[in-house]
There are 2 protein chains.
Amino acid sequence: MPPIKVKNSAAAGTNPVPEAVRKARAKIRKGGKPLTRIQREKQDIILDAALEIFSLHGFRGATIDQIADAAGMSKPNLLYYFPSKEIIHKRLIAELLVTWLAPLREMDPDGDPIPEIRSYIRRKLEMARDYPRESRLFANEMLQGAPRTIDMLEGDLKALVDEKAKVLYRWMDEGKIARTDPYHLIFAIWATTQHYADFDVQVRAVLGKGRNGEGRFEDAARFLENLFMTGLGTKRA
Amino acid sequence: MPPIKVKNSAAAGTNPVPEAVRKARAKIRKGGKPLTRIQREKQDIILDAALEIFSLHGFRGATIDQIADAAGMSKPNLLYYFPSKEIIHKRLIAELLVTWLAPLREMDPDGDPIPEIRSYIRRKLEMARDYPRESRLFANEMLQGAPRTIDMLEGDLKALVDEKAKVLYRWMDEGKIARTDPYHLIFAIWATTQHYADFDVQVRAVLGKGRNGEGRFEDAARFLENLFMTGLGTKRA
DNA sequence: AGGATTTTTGACCAGTTGGAAAAACGTTAG
DNA sequence: CTAACGTTTTTCCAACTGGTCAAAAATCCT
């Protein structure tokens with residue numbers, strides 16, 4: 001990390017418009033409220049490119065140059081929209097966590113257990129199919145020990161899972177699903193669905209030419225539904 | 001990547017012993033056969049340290065300095081034992097793939113299906129517990145699109161899985177296990193077991209203080225055995 | 001149009017990184 | 001003791017990295 005540079009405040013006279021001051025002003029304004037349409041668009045392009053690169057190489061392995069390249073602009077230009085690599089990453093992670101947990105949040109405590117769980121699995125698998133980059137970004141974070149995410153994991157995530165685990169326990173008590181460990185059930189659903197995003201290369205390599213069209217997601221959906229639904233059938237208690 | 005530098009051959013006179021030549025000779029010898037005990041020991045230390053660092057930061061994110069540090073030696077000293085970062089990584093991946101697939105290889109076609117699959121799951125979970133770094137190294141490779149592993153995936157790995165899939169199909173035909181997709185069954189076993197190594201932070205965060213001692217692996221073993229064995233019970237076909 | 005503002009660029013900088021060279025060090029066989 | 005060998009350290013370098021800065025270019029507003 002380069003040393004923190006103290007920005008020389010505009011102590012000079014009231015010349016036409018000192019460059020450094022103008023620049024500073026622009027950045028400060030962005031820290032404020034408005035944010036024009038173009039700025040939002042460019043930021044979106046950058047975030048999309050950054051997602052691509054970060055999800056592939058992790059935080060340390062990704063370079064601003066790569067991201068700028070993927071976003072079709074120069075490095076200084078990118079840095080005009082975001083003050084640093086770290087900030088971009090933080091934004092991505094924050095956005096990710098919201099959408100990533102939506103399916104679990106939507107599992108309805110008052111719904112019918114089997115259909116609720118079934119559709120949770122389906123939605124999670126659809127996310128792996130439609131948002132593999134987000135999945136890999138998250139996986140990268142986890143692999144590195146979640147340095148920038150640990151608070152969220154121990155806070156919101158744990159709270160959410162605890163809450164849903166209680167619902168699952170209740171469903172078990174009511175005899176609507178087989179008795180099992182709800183935490184590890186959730187882990188298993190996460191693991192199996194995200195596997196199709198994170199280990200996509202391996203899946204495609206193993207399935208080979210014949211099967212690797214879009215078919216693998218259909219097959220996976222059928223298999224996982226079968227696996228978990230059989231496992232949750234009440235006929236075995 | 002730095003440009004390949006042509007080594008200026010020892011065209012000079014026969015001075016006492018030109019340094020560059022000596023160094024080159026030493027490296028060449030290592031390329032040959034013998035390899036002393038000390039050399040093997042140091043190389044092992046380096047490989048162990050490299051596994052630690054690579055598994056945490058991925059190839060690009062890891063630096064030789066970090067690895068050297070973890071191995072308790074200086075960077076040039078490390079580079080005395082291995083010619084480059086890339087070579088170290090290759091060695092690790094190669095070693096990994098052998099041990100990593102051992103459990104699947106050991107699944108006996110002539111054994112009893114249910115116990116065979118059960119003990120495969122158990123061994124895979126034990127590997128996640130005992131060799132989490134190897135698991136994460138592999139996961140990192142996959143996330144990056146397996147640039148250094150794709151051949152192996154499409155070759156040996158695919159062949160092995162195809163072979164075992166055939167065995168599973170036979171067991172299904174013989175009515176010994178429920179009919180299901182053997183490929184996705186294997187994927188599910190990989191995903192769920194490796195999850196406990198790769199996403200360890202998340203698992204511990206969610207389970208919280210109370211449960212995260214070594215208990216989680218016992219619980220996981222019970223859960224997964226239950227899940228897969230119920231799913232494979234023949235009573236439903 | 002013309003001035004102000006926003007966006008883009010090119011040059012640059014300091015710190016890091018992978019790696020090379022060579023000299024210094026240690027050990028052991030003669 | 002010392003020459004030869006293997007090992008380790010010091011020094012160095014070129015490329016890369018995250019990031020700055022001032023000026024140029026494009027855009028916006030009236």
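Convention: sequence-line order gives letters A, B, ...; per-chain numbering from 1. Everything numeric in this text was worked out from a predicted model, so none of it was measured.
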Enquirer: Should A:Phe228 and A:Ile117 count as side-chain neighbours, where that means a heavy-atom distance under 4.5 Å?
Expert: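 Result no, sub-4.5 Å side-chain heavy-atom pair not found.
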
Enquirer: Between C1' on C:dT16 and NZ on B:Lys85, what's the gap in Å once rounded to a whole number?
Expert: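 One finds 12 Å between C1' of C:dT16 and NZ of B:Lys85, rounded.
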
Enquirer: Any side-chain N or O of A:Ser74 below 4.0 angstrom from OP1/OP2 of C:dT8?
Expert: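 So the side-chain polar atoms of A:Ser74 never come under 4.0 Å of the phosphate oxygens OP1 or OP2 of C:dT8.
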
Enquirer: On the nucleotide C:dT16, are OP1 or OP2 found under 4.0 Å from the side-chain N or O atoms that B:Arg60 carries?
Expert: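 So the side-chain polar atoms of B:Arg60 never come under 4.0 Å of the phosphate oxygens OP1 or OP2 of C:dT16.
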
Enquirer: Tell me whether B:Arg133 is salt-bridged to B:Asp48, with the criterion being a basic N under 4.0 Å from an acidic carboxylate O.
Expert: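 Looking at B:Asp48 together with B:Arg133, the answer is yes, because their closest N to O distance falls below 4.0 Å.
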
Enquirer: What is the distance from CG of B:Leu78 to P of D:dT9, rounded to the nearest Å?
Expert: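 One finds 12 Å between P of D:dT9 and CG of B:Leu78, rounded.
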
Enquirer: So, is A:Gln66 near the phosphate of D:dT17, with a side-chain N or O under 4.0 Å from OP1 or OP2?
Expert: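 So the side chain of A:Gln66 is outside the cut-off, no N or O lying under 4.0 Å from OP1 or OP2 of D:dT17.
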
Enquirer: Determine the contact category for A:Ala68: base if any of its heavy atoms lies under 4.0 Å from a base atom, sugar-phosphate if only primed atoms, P, OP1 or OP2 are that close, otherwise nothing.
Expert: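 Since no nucleic acid heavy atom lies under 4.0 Å of A:Ala68, the category is nothing.
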
Enquirer: Check the distance between D:dG6's C1' and B:Gln39's CD and give it to me in whole angstrom.
Expert: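 After rounding, the gap between these two atoms is 8 Å.
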
Enquirer: Taking CG from A:Asp69 and P from C:dT9, how many angstroms apart are they, rounded to a whole number?
Expert: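 So the CG-P distance, A:Asp69 to C:dT9, works out to 12 Å.
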
Enquirer: B:Pro76 has a side chain; which of D:dT9, D:dG18, C:dT9 sits nearest to it?
Expert: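 Side chain of B:Pro76 sits closest to D:dT9.
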
Enquirer: Between C:dG19 atom P and B:Glu86 atom CD, what is the distance in whole Å?
Expert: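 It works out to 8 Å between those atoms.
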
Enquirer: Rounded to the nearest 0.5 Å, what's the gap from OG1 on B:Thr63 to CZ on A:Arg60? Could you check?
Expert: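 Rounded to the nearest 0.5 Å, the OG1-CZ separation comes to 6.0 Å.
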
Enquirer: Would you state whether a donor and an acceptor, one from the side chain of B:Lys75 and one from the base of C:dG18, lie under 3.5 Å apart?
Expert: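 Such a pair is found, so the answer is yes.
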
Enquirer: Categorize A:Lys42 for me: base, sugar-phosphate, or nothing, with a 4.0 angstrom heavy-atom threshold over every strand shown.
Expert: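 The residue A:Lys42 makes sugar-phosphate contact but no base contact.
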
Enquirer: If the cut-off is 4.0 Å, is A:Tyr80 near the phosphate of C:dT7, judged by side-chain N/O to OP1 or OP2?
Expert: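 A:Tyr80 to C:dT7 OP1/OP2: side-chain N or O found under 4.0 Å.
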
Enquirer: Just the rounded figure in Å: distance from P of C:dG19 to CD1 of B:Ile64.
Expert: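 For the pair B:Ile64 CD1 and C:dG19 P, the rounded distance is 5 Å.
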
Enquirer: Just do the salt bridge (Lys or Arg N to Asp or Glu O under 4.0 Å) check on A:Lys158 and A:Asp162 with the steps written out, would you?
Expert: CA-CA 6 Å; A:Lys158 175 167 166 41; A:Asp162 281 342; 2.9 Å; yes

Enquirer: Can you tell me how far P of D:dC21 sits from CG of A:Asn77, to the nearest Å?
Expert: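 So the two atoms are 17 Å apart, to the nearest Å.
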
Enquirer: I want to check something: taking the side chain as every heavy atom from C-beta on, are A:Leu125 and A:Tyr196 in contact at a cut-off of under 4.5 Å?
Expert: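 Of all side-chain heavy-atom pairs linking A:Tyr196 with A:Leu125, at least one is under 4.5 Å.
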
Enquirer: For B:Asp65 and D:dT17, give me the distance from atom CG to atom P, rounded to whole Å.
Expert: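 One finds 16 Å between P of D:dT17 and CG of B:Asp65, rounded.
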
